[in-house]
Amino acid sequence: MVPISELPTLYSSMAAVSVLPHFTANPTVSLLEKCKSMSELHQIHAHMIKTGLVHHTFAVSRLVAFCSLSGVCGGLDYAASVFPRIQQPNCFIFFAMIKGFADSASSLNSILLYSQMLSYLDEFDGVQFSIPSVLKACGRSRAFGEAQQVHGHVLKTNFQYDPFVSNSVVRMYLDLGEVGMARRVFDTMPCRDVVSWNSMIKGYVEAGEIDLARALFDEMPEKDLFSWNTMIDGYGKCGKCEHAQELFQMMKHKDVVSWTAMISGYVLNHRPKEGLVLFREMLSLGIQPDAATIVSVLSAIADLGFVEEGKWVHAYLSTNKIRLDSGFIGSALIDMYAKCGYIEDAYRIFKSISHRRSIGDWNSMISGLAIHGLGEEALEIFNDMERYDIKPNEITFLGVLSACSHGGLVQEGQYFFSLMQESYKIVPGIQHYGCMVDLLGRAGHLQEAINVLQEMPMEADVLAWKAILSACVKHGHVAIGEHAALHAIELAPEDSSCYVLLSNVYAKAGKWDNVAKVRSMMRQRGVRKIPGCSSVLSNGVVHQFLVGMEMDMMYRGRVLLKLEEVICRLKLEGYEPDLTQILLDVEEEDKENLLRVHSEKIAVAFGLINMKQGAPIHIVKNLRFCSDCHSFIKLVSMVYNRKIIVRDQNRFHYFQNGSCSCKDYW
DNA sequence: CTAGGGTTAG
């Protein structure tokens, strides 16, 4: 291979062949298309230098494009070293470099190169291909000033009539967090199309403005006549009628992407039910969901634990020939079954895609086992990964650490935490430290947990402090608990669970005065406890039980009657209600009676009435279990001889014969 | 050759 340093000499001696005809270039260029690694590329490059093909603009543009855009390791650096030696770079070569940099860690280079290109090229034709990348670079590197300059340039050159360019301007302002600016561009852009609408919807979703997103979604037109007219006008003025034609084709109503953006918007904003409602509406209108839609839908189902819906979607996949190894379908399906409590089905899916598993499939499986408390099994899957030489990523380790945490595998957790850094060179993020704090705290190694928290290279977040706080509840440390609560409340004054945990710490230590203080503090600040809510699936229908909910009197009467019966029977078996838990409730006094009855107890009573003997009762709860309900359900599982499976905020609990799969370790 | 939607995370 010819060293790069010799290139300039070769250039001058080969100058005569710089006008090679196109057909000569083809064999080598087609070799470039098939090129898979840098070493193959070096050979092709050497060949091009030997034959003088490097002076062929088209050929060298393919070379640069391959290096900068294929994502091959070291490719961009190589492209950057070749680029300055190209005597007459055209707009395609500039484009390849600009896009390559925009997607890299050094996206500012993209902006620099763009300005160089403008002064280098004689005309603007072809420049527009690079603008989307520059705009992306501005957004990514949070370069607001540069962003406005490029935007200004777009307006001056009339590239705003190019839909790719204008849509990228919208996207850029959204990336910069400037939703208002994005909306202004959106409202005034002459070539607004379905992509513009979809970007804007996603922008609102990311800003947490889900209702504004929905408003826009509902407004989406058949065809945007205003845009159409302005666009004809614009393109007419520059005589580009064929562009106008092309655009007309693109101007359709809501497409599958719009629906997916909206559905995923609900899921991301923790409103999975509305996501599912929209999905059903989409189906009823005869619009075909694709893999991306299904992934979001599965995520909504997983959140809700609606396994029946999940099974339906699973069946839909096979009838519509959507492959389990396409995109994130496999991991979403595994995750859905796991989060619905069907870990065996999750494993079956995982097994069935053994030939082409993506990293996400492995990660979903490991995290799935983790929330079922199957720590050993999760670690076995991780071993398989290593055996098959599959490189775990940072999310894999979150799953592994969480598996250790839920399984009480302290030493293993510490081992994997260092393995991750030493063998896999993964720099632990705040969530990894959070896992370690949780792992150590839960196991009662409170001082070590605090050490991790204090020595981590970033500021501790609410979750880390809450992990300490829950450890203090579990192991009864008032002083540390107060300290942790102080930090947690400072970081998230609106988060009721911080106050509730603190109140828990006091209650456990019998400090009722302080419990009352926490309660009044919450009242003063207007922080309301999230009401407990449990759902049970029976005969394909989801029944929700909310503390203080309005239930049909008859219905409620029947369920509450059953609950009374259960409590009586359990008391004969030695059940004593844990009164410390009741004092946690900080709702208004007049609801006190309802509050005595936690939603999971009602759900159990309902299940005992409605589910056939022998059928397990599946319950999904929105909050963490309280210890009274936990011991209550353990007893029910024995006295009534029932399998009861409860998913709380963190994990699954399998109750059978008086004990729980979490071994009281949660 | 350029723009829009997607999973796994204490």
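Among B:dT7, B:dT2, B:dA3, the nucleotide with an atom closest to any side-chain atom of A:Ser168 is B:dA3. Of the candidate nucleotides B:dT7, B:dA3, B:dG5, B:dG5 has the atom lying nearest to any side-chain atom of A:Val257. Listed nucleotides B:dG5, B:dT8, B:dG10 differ in distance to A:Cys435; the shortest reach to its side chain belongs to B:dG10. Out of B:dA3, B:dT2, B:dT8, the shortest distance to the side chain of A:Phe129 is found at B:dT2. Considering only side-chain atoms of A:Ser367, the nucleotide from B:dT7, B:dA3, B:dA9 that sits closest is B:dA9. Relative to the side chain of A:Phe164, the nucleotides B:dG5, B:dG6, B:dA3 differ in distance, and B:dA3 lies closest. For A:Gln431, counting side-chain heavy atoms from C-beta on, the closest listed nucleotide (B:dT8, B:dG6, B:dA9) is B:dA9.
Distances shorter than 4.0 Å separate some side-chain N or O of A:Lys202 from OP1 or OP2 on B:dG5. Within the structure, every side-chain polar atom (N or O) of A:Ser264 is placed at least 4.0 Å from both OP1 and OP2 of B:dG5. Dashed line: the shortest gap from a side-chain N or O of A:Lys339 to OP1 or OP2 of B:dA9 is under 4.0 Å.
With ring centers used as reference points, A:Phe94 lies under 6.0 Å from A:Phe83. Remark: aromatic rings of A:Tyr337 and A:Tyr347 are distant, center separation not under 6.0 Å. The aromatic ring centroids of A:Phe416 and A:Phe382 lie less than 6.0 Å from each other. Aromatic rings of A:Phe350 and A:Trp362 (six-membered ring for Trp) have centroids within the 6.0 Å cut-off, being under it.
A straight line from OH of A:Tyr161 to P of B:dT2 spans 25 Å, rounded to a whole angstrom. At whole-Å resolution of the value, CZ in A:Phe397 and P in B:dT8 are 20 Å apart. Here the P atom of nucleotide B:dG4 and the CZ atom of A:Phe186 are 15 Å apart, to the nearest Å. Between the CD1 atom of A:Ile366 and the P atom of B:dA9 there is a distance of 12 Å, given to the nearest Å. Rounded to whole Å, the distance from OH on A:Tyr337 to P on B:dT7 is 19 Å. The distance between atom CD1 of A:Ile395 and atom C1' of B:dG10, rounded to the nearest whole Å, is 13 Å. Residue A:Asp175 contributes atom CG, which lies 12 Å from atom P of B:dA3 at whole-angstrom precision. Protein atom CD of A:Gln160 is 19 Å distant from nucleotide atom P of B:dA3, rounded to whole Å.
A donor-acceptor contact under 3.5 angstrom links the side-chain atoms of A:Asn198 to the base of B:dG4. For A:Ser331 against B:dT8, no side-chain N or O and base N or O form a donor-acceptor pair under 3.5 Å. Applying the 3.5 Å distance criterion, the base of B:dG4 shares a donor-acceptor pair with the side chain of A:Asp255. Counting distance only, with no hydrogens placed and no angle test, the side-chain atoms of A:Thr260 and the base atoms of B:dG5 include a donor-acceptor pair under 3.5 Å.
The heavy-atom pair separating A:Val205 from A:Ala261 by the smallest distance is CG2-O, 4.2 Å.
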Could you list the donor-acceptor pairs under 3.5 angstrom formed by side chains in residues 438-446 of chain A, with sequence neighbours left out?
| from | atom 1 | to | atom 2 | distance (Å) |
| --- | --- | --- | --- | --- |
| A:Asp438 | OD1 | A:Arg442 | NH2 | 3.1 |
| A:Asp438 | OD2 | A:Ser405 | OG | 2.6 |
| A:Asp438 | OD2 | A:Arg442 | NE | 3.3 |
| A:Asp438 | OD2 | A:Arg442 | NH2 | 2.8 |
| A:Arg442 | NE | A:Ser405 | OG | 3.4 |

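Across all strands shown, A:Asp461 has heavy atoms under 4.0 Å from base atoms, whether or not it also approaches the sugar-phosphate. Residue contacts shown for A:Ala65 are absent, as no nucleic acid heavy atom lies under 4.0 Å away. Within the nucleic acid shown, A:Asn393 has no heavy atom closer than 4.0 Å to any nucleic acid atom. Among the atoms of the strands shown, base atoms are found under 4.0 Å from some heavy atom of A:Thr293. Residue A:Ala464 is in base contact, counting any heavy-atom pair closer than 4.0 Å across all strands shown. Across all strands shown, A:Val170 has no heavy atoms under 4.0 Å from either base or sugar-phosphate atoms.
A:Lys99 forms no cation-pi arrangement with A:Phe129, by the criterion of a distance under 6.0 Å to the ring centre and an angle within 45° of the ring axis.
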